[in-house]
Amino acid sequence: MTDRLAAPRGTRDLLPDEGPAWSRLERIAAGLSERYAFERIDTPLFEPVELFARGLGESSDAVEKEMFRVSGARGSDEERAEWALRPEPTAGIVRAYLEHGLQVRPGPLRLWMIGPMFRYDRPQAGRYRQFSQWDVEVIGDPGPMVDAEVIELAGRFYAEVGLRNVVAHLNSIGDAACRPGYRAALVGYFGARLEHLTDDSRRRLAVNPLRVLDDKLLEPELAAGAPRAVDHLCDRCRAHFRAVCELLDRQGIAYAIDHRLVRGLDYYTRTTFEFFVAGREGQQQALGGGGRYDGLVELLGGSPTPAIGVGIGLDRTLLALADQGDTSLTTRSALLALLGREGTSLGARLAAASWLRDAGLAVRADGSERRLGRQIDSAARIGARWAVILPDDSAGEVGERTVVVLRDLVAGEQQELRLADVPAAVSGTAQQPPRAVPGV
RNA sequence: GUGGCCUUAGCUCAAUCGGCAGAGCAUCGGAUUGUGGCUCCGAAGGUUACGGGUUCGAGACCCGUAGGCCACCCCA
């Protein structure tokens with residue numbers, strides 16, 4: 001319990017009991033990424049501060065107060081280097097896109113990534129300084145279909161992991177042509193009602209008026225009367241937004257237009273969206289979100305290139321699943337314990353285990369000299385579904401034809417058969433449910 | 001950055017008025033010349049978060065720090 005050797009504040013250890021759920025989540029994300037024809041990319045966990053400052057915007061919370069800075073070795077030229085752990089994936093991906101000339105690849109580039117993000121926040125339920133995100137980005141596709149496609153992809157992920165009550169919020173915040181007019185309308189509206197705004201919002205009104213709508217302390221009637229982004233869209237943005245909505249309708253994907261959804265990062269244009277889970281008691285209900293960022297590539301030094309992306313918070317997905325009592329994510333493949341008698345050499349045990357593993361089984365071999373009863377006891381308690389009991393060495397060299405005892409640790413029945421017949425005998429069986437351990 | 005609650009064994013918690021730091025669960029071993037999770041016996045496990053103060057004596061009272069949980073802002 002000493003605090004000297006504890007995980008840093010806001011970080012967590014993923015303990016063995018949580019491993020299967022995380023693996024399953026990552027497998028689903030990777031599988032969907034491939035089915036939607038995304039290609040994997042991985043970028044560094046830290047980048048120059050300037051990349052995030054320019055990309056996300058100086059006035060974004062992520063840059064203004066949540067940047068997790070890192071430096072080089074003491075005494076090195078880089079000691080004071082301006083690096084930061086990535087708070088989000090998009091800026092780094094766009095940087096890599098430009099650095100490696102990926103724009104010459106044919107067609108819109110479809111990329112996916114999974115990994116940790118870092119924000120220097122005060123931790124609380126569902127919010128950590130290091131959290132994990134699955135992210136997809138499409139660079140170079142201006143059309144509305146891809147907007148609908150990534151929203152569908154995120155929705156399909158939640159469905160596939162078994163999460164219910166997920167709702168999508170949708171908005172369009174315009175582009176370089178119509179945003180200035182909308183900003184002016186907001187400045188006019190809120191500027192005439194300054195006495196109703198928080199200090200924070202007054203500051204935002206000067207720097208980034210859209211984010212006044214983000215203010216959770218904004219009086220509801222004031223928010224309801226505020227100019228709506230969709231009423232200020234230029235013709236092209238309005239047509240794009242309408243097309244996205246129609247495509248979602250046609251796919252039967254439910255969403256709610258949310259006029260206050262402007263997102264916390266400055267690079268978004270046109271389509272923005274977030275996913276929430278209903279019924280969660282705590283306040284951290286945002287499961288994921290994203291939007292179109294048609295100006296970011298140019299902002300970071302490339303030629304004008306439309307793009308869109310979505311980030312899915314895996315920690316919060318798991319929390320939401322736990323909230324709804326879901327345990328299906330924790331199932332494991334059936335474990336087989338390989339046991340020996342007193343006269344069974346370690347060599348025979350290892351050889352048999354190796355043979356069974358080659359056959360695709362998950363095998364835990366017992367190398368102890370304990371009594372057989374104790375080995376069975378132990379195998380059952382670590383959750384093994386099956387036990388294979390080897391004969392002692394007087395039966396000769398262990399091989400496929402060696403006759404072993406296969407014991408079903410759930411049913412308590414056993415049979416004798418050749419080692420070669422074990423894989424077929426246990427195929428298709430489920431792992432036994434883990435024994436409830438109080439307090440773990 | 002702000003606020004509330006909290007911190008005793010791996011986990012959940014006791015410890016009367018300030019008087020020998022304990023239990024249950026979990027772990028390991030034994031009872032068991034060889035087939036079970038039960039039972040019984042035993043072992044191991046502690047800087048009572050850390051630092052200071054009051055006191056003959058502090059897990060308990062006081063001060064400070066750190067950490068945890070939750071909430072605000074914002075977000076995943």
Side-chain angles (χ1 to χ4, degrees), chain A residues 1-12 15 17 56 59-66 86-89 115-135 154 198-201 203-204 211 213-218 261-265 274-277 280-290 310-320 337 339-344 368-384 387-389 391-392 405-414 432 434-440:
Chain A
M1 252 327 198
T2 165
D3 53 349
R4 213 177 310 162
L5 290 176
R9 173 168 234 186
T11 69
R12 310 176 291 156
L15 301 178
D17 287 346
L56 318 191
S59 67
S60 65
D61 281 5
V63 169
E64 203 170 54
K65 56 182 199 180
E66 296 168 4
R86 62 185 184 195
E88 58 85 61
M117 306 295 156
F118 304 85
R119 292 183 200 174
Y120 197 82
D121 260 354
R122 278 288 287 272
Q124 67 184 76
R127 178 162 63 208
Y128 310 103
R129 288 184 174 176
Q130 175 179 336
F131 58 97
S132 196
Q133 196 167 305
W134 169 49
D135 181 74
T198 60
D199 291 347
D200 211 26
S201 276
R203 197 175 45 80
R204 285 174 176 174
R211 297 210 54 231
L213 294 169
D214 245 355
D215 192 339
K216 301 297 187 290
L217 302 176
L218 196 62
L261 180 58
V262 297
R263 303 283 292 158
L265 308 179
E274 271 178 36
F275 296 89
F276 299 91
V277 61
R280 183 162 158 65
E281 276 310 309
Q283 298 307 300
Q284 307 308 326
Q285 299 181 336
L287 294 177
V310 58
I312 305 284
L314 300 183
D315 308 76
R316 286 188 184 176
T317 299
L318 279 173
L319 270 181
L339 315 179
R341 299 166 194 280
E342 199 172 311
T344 310
S368 76
E369 305 291 334
R370 296 179 293 180
R371 289 197 329 272
L372 186 57
R374 195 152 279 280
Q375 290 183 55
I376 291 175
D377 185 29
S378 173
R381 288 196 299 156
I382 62 169
V388 166
I389 303 162
D392 61 41
V405 172
L406 175 66
R407 184 169 180 85
D408 185 331
L409 294 174
V410 172
E413 295 161 353
Q414 64 185 37
Q432 69 161 289
R435 195 165 54 126
V437 180
V440 173

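Each chain gets a letter, A, B and so on, in the order its sequence line appears, and its residues count up from 1. Keep in mind that what you see is a predicted model, and the values were worked out from it rather than measured.
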Quiz item: Which part of the nucleic acid does A:Gln133 contact within heavy-atom distance under 4.0 Å: base, sugar-phosphate only, or nothing?
Solution: sugar-phosphate

Self-check item: Sidechain N-carboxylate O distance under 4.0 Å for A:Asp214, A:Arg204
Solution: no

Practice problem: With heavy atoms under 4.0 Å as the rule, sort A:Asp199 into base, sugar-phosphate or nothing. | Solution: nothing

Self-check item: Per-nucleotide pairing state of RNA chain B [Watson-Crick or G-U, under 3.5 Å; [ ] pseudoknot-crossing; | other strand]
Solution: (((((((..((((.....[..)))).(((((.......))))).....(((((..]....))))))))))))....

Exercise. Describe the nucleic acid contact of A:Leu314 in one word from base, sugar-phosphate, nothing, applying a heavy-atom distance below 4.0 Å.
Key: nothing

Exercise. Would you classify A:Asp214 as touching base, sugar-phosphate or nothing, given that sugar-phosphate means primed atoms plus P, OP1 and OP2, and contacts are heavy atoms under 4.0 Å?
Key: sugar-phosphate

Practice problem: Scan A:Arg211 against the nucleic acid and name what it touches under 4.0 Å (heavy atoms): base, sugar-phosphate only, or nothing. | Solution: sugar-phosphate

Exercise. Scan A:Arg204 against the nucleic acid and name what it touches under 4.0 Å (heavy atoms): base, sugar-phosphate only, or nothing.
Key: sugar-phosphate

Quiz item: Would you say A:Arg341 reaches B:U33's phosphate, i.e. side-chain N/O to OP1/OP2 under 4.0 Å?
Solution: no

Practice problem: Determine, for A:Phe118 and A:Arg129, whether the Lys NZ or Arg CZ falls below 6.0 Å from the six-membered ring centre while staying within 45 degrees of the axis. | Solution: no

Quiz item: Taking the same atom, P, in B:G22 and in B:G59, what whole-Å distance lies between them?
Solution: 13 Å

Quiz item: When we call it a touch if two heavy atoms are under 4.0 Å apart, what does A:Lys65 touch: a base, just sugar-phosphate, or nothing?
Solution: base

Quiz prompt | Any A:Arg263 side-chain N or O less than 4.0 Å from OP1/OP2 of B:A76 | solution = yes

Practice problem: Give A:Gly290 one of three labels, base, sugar-phosphate or nothing, depending on what nucleic acid heavy atoms sit under 4.0 Å from its own. | Solution: nothing

Practice problem: Would you tell me if any nitrogen or oxygen in the side chain of A:Arg371 comes within less than 4.0 Å of OP1 or OP2 on B:U33? | Solution: yes

Self-check item: Test: A:Asp61 and A:Arg119 ion pair at under 4.0 Å
Solution: no

Quiz prompt | Phosphate OP1/OP2 of B:U35: any A:Gln414 side-chain N/O under 4.0 Å | solution = no

